[in-house]
Amino acid sequence: MLALQKLRPVRHPLVQGAVPKSIRPIPQFVRMAASESATADIGLSSVKVPRVLTVAGSDSGGGAGIQADIKTCAALGVFCTTAITALTAQNTIGVQGIYPVPVDFLAKQLQSVLSDIGADVVKTGMLPSAECIETLCSVLDSFPVRAVVVDPVMVSTSGDELAGAGILDALGKKLLPRTDVLTPNLPEASKLLGGASVTTLEEMRKAAVEIHKMGPRYVLIKGGHLSGSDDMVDILYDGSEMHEYHASRIESRNTHGTGCSLASAIAAELAKGSHIRQAVQAAKEYVKETMQRSRELRLGGGSQGPLNHLHRLNHWESLGRSHFKPDSLLLYAVTDSSMNKHWGRSTSDAVKAVIEGGATIVQIREKEAESGDFLKEAEASLKVAREYGVPLVINDRLDIALACDADGVHLGQSDVPITRARAILGPNKIIGVSCKTPEQAQRAWEEGADYIGSGGVYPTNTKQNNKTIGVEGLRKVCEASPLPVVAIGGIKENNVKEVMASPRPKQLQGVAVVSGLFNQPDVQVAAKHFRAILAEALDESYSRVL
């Protein structure tokens, strides 16, 4: 397993603004040769495209190697070129075959890419022979780059040997002295040290010192195989200072390619101009998020599933599930931070209480807190909502909804257009829109909303200047709306039955409540009371229809 990052503050020799020794300047002739290829034209201006060349094996299963490197760089906004060192037949079960690429053809791949497109950073993975390493180093003599990141892949996650005889000698004599960042896991660190034990934190520290003597400028020893503690540690050593990254495990079967992905993410961040510690920190955050979003992925029958690198685009975890159910609008709880402060409770505590009382969907509305505090509130509340399987949406703030991965957003007429919100959030998030008129309701449907909040039905203290439409106006919107509707504005226990009375419009699914829930001494009791009134109102409505 890979460690989730929680950086322990320690001293670092690099001062702000200094150029670390791991980022060497590109020689002038290389900059000139690759300048056109490294720049993309955009209108009348141009932008420098960060480039990573990965030199590694091809994983036919798509989980590790070249495939993981390309996906990682793409997810981080970096252009990735490749030089394939070997073809492998592998899947989630293991490696069934390896076919090394002839070294003369490897040299042609390297020269082809570097002479035209160029590279800011070279990242290496599977180097199956000493000749392969010598060929790479020879080409890099002619085409220097800013940094070299080496992931010393020798054994696959499933335990299969991926490197031949003479590798260690070639690594030590040829590649490690020109390596800027070396990223061994514990078994790889042990191999580099001739079989020495690297199973404890103290042994990791000693190994980092000894491996650094072999030539790499920075050694990042990954503690994913560290046993005996839930607290995992990765160590970054620069020759004088140890930097420790403490974290907890992510339990998942989908861990194939995490080492490749971490090294590629470091290379991508270096290509974008980050200093080494910034690059490691950002890379670990990327892999952490990707592993978390990959836990539900089911591909293959083996124990080593792949990561879902492009989870922000493909939403595989949501396929086959309806992202929104209209009946979740029955008791729509809208939080109010001032009310929660008045009663001395946090937003997440209020969310927990209202869900336990029977709320079917929750909207987090925050008008006072700074964005950072709002995000913390939303993340804590979302964790609670997910435990109970209740949707949680964010009021107005698309940025907060994105940052915490909420289930959706509720927009007003003056907020971000629905079409743009949909393009940003994707097809599987919930979008609700406040509407006062049938015309607004029709437009919301045409632009891709999931539901409508119609009102204010009654005057409300939370929006004193909000024009009310009354029960009659609500019914007009419901009759014209192709979307499910929740009544909003001034809904209290003494008017719920009026709102939901028969003949109730088909599209009217429930009521949104603020003060009736959160301006009460006991939120859970208040929510239970509202659910009872709603049940009674719906029973009466059903009886009248009969």
Side-chain angles (χ1 to χ4, degrees), residues 326-336 338-340 342-343 350-351 353-355 357-365 367 390 393 395 410 412-413 432-438 440-441 451-481 483-545:
D327 59 8
S328 65
L329 298 175
L330 177 62
L331 181 54
Y332 189 123
V334 183
T335 67
D336 186 283
S338 62
M339 294 176 188
N340 290 329
H342 172 74
W343 292 100
V351 168
V354 81
I355 292 175
T360 51
I361 186 171
V362 177
Q363 179 190 132
I364 303 296
R365 186 170 68 187
K367 302 295 184 182
V390 172
V393 300
N395 178 256
H410 185 88
Q413 290 294 315
V433 185
S434 296
C435 298
K436 292 181 179 295
T437 68
Q440 290 175 347
Y451 74 88
I452 287 168
S454 186
V457 180
Y458 304 102
T460 173
N461 292 329
T462 57
K463 291 188 177 181
Q464 297 181 7
N465 297 321
N466 187 29
K467 181 181 177 181
T468 59
I469 62 173
V471 174
E472 191 61 33
L474 168 67
R475 291 176 180 269
K476 288 180 179 178
V477 171
C478 290
E479 290 166 0
S481 175
L483 297 172
V485 178
V486 59
I488 60 176
I491 309 294
K492 294 181 171 57
E493 60 184 49
N494 62 355
N495 57 32
V496 171
K497 287 188 176 182
E498 181 183 20
V499 172
M500 303 297 288
S502 180
R504 180 167 56 91
K506 179 181 178 181
Q507 295 293 59
L508 182 58
Q509 298 292 319
V511 294
V513 185
V514 186
S515 60
L517 295 173
F518 297 104
N519 198 20
Q520 307 297 323
D522 191 318
V523 174
Q524 183 176 348
V525 170
K528 286 181 178 179
H529 188 49
F530 260 93
R531 279 300 296 263
I533 296 174
L534 280 167
E536 187 177 338
L538 293 176
D539 284 344
E540 290 179 1
S541 176
Y542 180 69
S543 297
R544 288 172 186 171
V545 170

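The figures that follow rest on heavy atoms only: side chains count, while hydrogens, waters and symmetry mates do not. No experiment lies behind these values; they were computed from the predicted model shown.
Legend: residues meeting side-chain hydrogen bond (donor to acceptor under 3.5 Å, both in side chains) with Glu498, ordered by chain and number and at least two apart, are Tyr458. By the side-chain hydrogen bond (donor to acceptor under 3.5 Å, both in side chains) test, Gln363 is found to be paired with Tyr332, Asn395, residues two or more places apart in sequence or in another chain being considered. For Leu474, the side chain to side chain contact (heavy atoms under 4.5 Å, CB included) criterion is met by Ser454, Val457, Ile469, Cys478, Val485, Ala487, Val499, Leu508, not counting sequence neighbours.
Lys476 and Pro438 make their closest contact through O-CG, 4.0 Å (heavy atoms, listed as atom of the first residue, atom of the second, distance). Contact detail for Lys436 and Gly456: the closest heavy-atom pair is NZ-N, 3.4 Å. Of all heavy-atom pairs between Arg475 and Pro505, the closest is NH1-CD, 3.2 Å. In plain terms, the two heavy atoms of Val486 and Ala512 that are nearest each other are CG2-N, 3.5 Å.
Atom CG in Leu517 sits 11.0 Å away from atom CD1 in Ile491 (nearest 0.5 Å). The CG atom of Leu534 sits 11.5 Å away from the CD atom of Glu493 when rounded to the nearest 0.5 Å. A distance of 11.0 Å separates CD1 of Ile364 from CG of Asp336, quoted to the nearest 0.5 Å. Here CD1 of Ile488 is found 10.5 Å from CD1 of Ile452. Values are rounded to the nearest 0.5 Å. Taken to the nearest 0.5 Å, the OG atom of Ser338 stands 8.0 Å off from the CG atom of Asn519. For the atom pair NE2 (His410) and CD1 (Ile361), the distance works out to 10.0 Å, reported to the nearest 0.5 Å.
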Begin with the C-alpha distance, continue with both residues' side-chain angles, and end with the deciding distance and a verdict on side-chain contact (heavy atoms from CB on, under 4.5 Å) for Trp343 and Gln520.
CA-CA 8 Å; Trp343 292 100; Gln520 307 297 323; 5.7 Å; no
Chi angles and distances behind the side-chain contact (heavy atoms from CB on, under 4.5 Å) call for Asp327, Thr360
CA-CA 8 Å; Asp327 59 8; Thr360 51; over 6 Å; no
Run the side-chain contact (heavy atoms from CB on, under 4.5 Å) test on Arg504 and Leu538 for me, step by step, so that the C-alpha distance in whole Å, both residues' side-chain angles and the decisive distance to 0.1 Å come before the verdict.
CA-CA 9 Å; Arg504 180 167 56 91; Leu538 293 176; 3.5 Å; yes
Quick one: do Arg365 and Val514 satisfy side-chain contact (heavy atoms from CB on, under 4.5 Å)? Show the steps, please.
CA-CA 10 Å; Arg365 186 170 68 187; Val514 186; 3.7 Å; yes
Donor-acceptor pairs under 3.5 Å, side chain of residues 521-532 to any protein atom, not counting sequence neighbours: which ones?
unit_1 : atom_1 : unit_2 : atom_2 : d
Asp522 : OD1    : Gln524 : N      : 3.1
Asp522 : OD1    : Val525 : N      : 3.1
Arg531 : NH1    : Gly358 : O      : 2.7

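At a threshold of 4.5 Å between non-hydrogen side-chain atoms, the residues Ser515 and Lys492 count as touching.
Between the Gln413 side chain and the Ser434 main chain, a donor and an acceptor come within less than 3.5 Å of each other.
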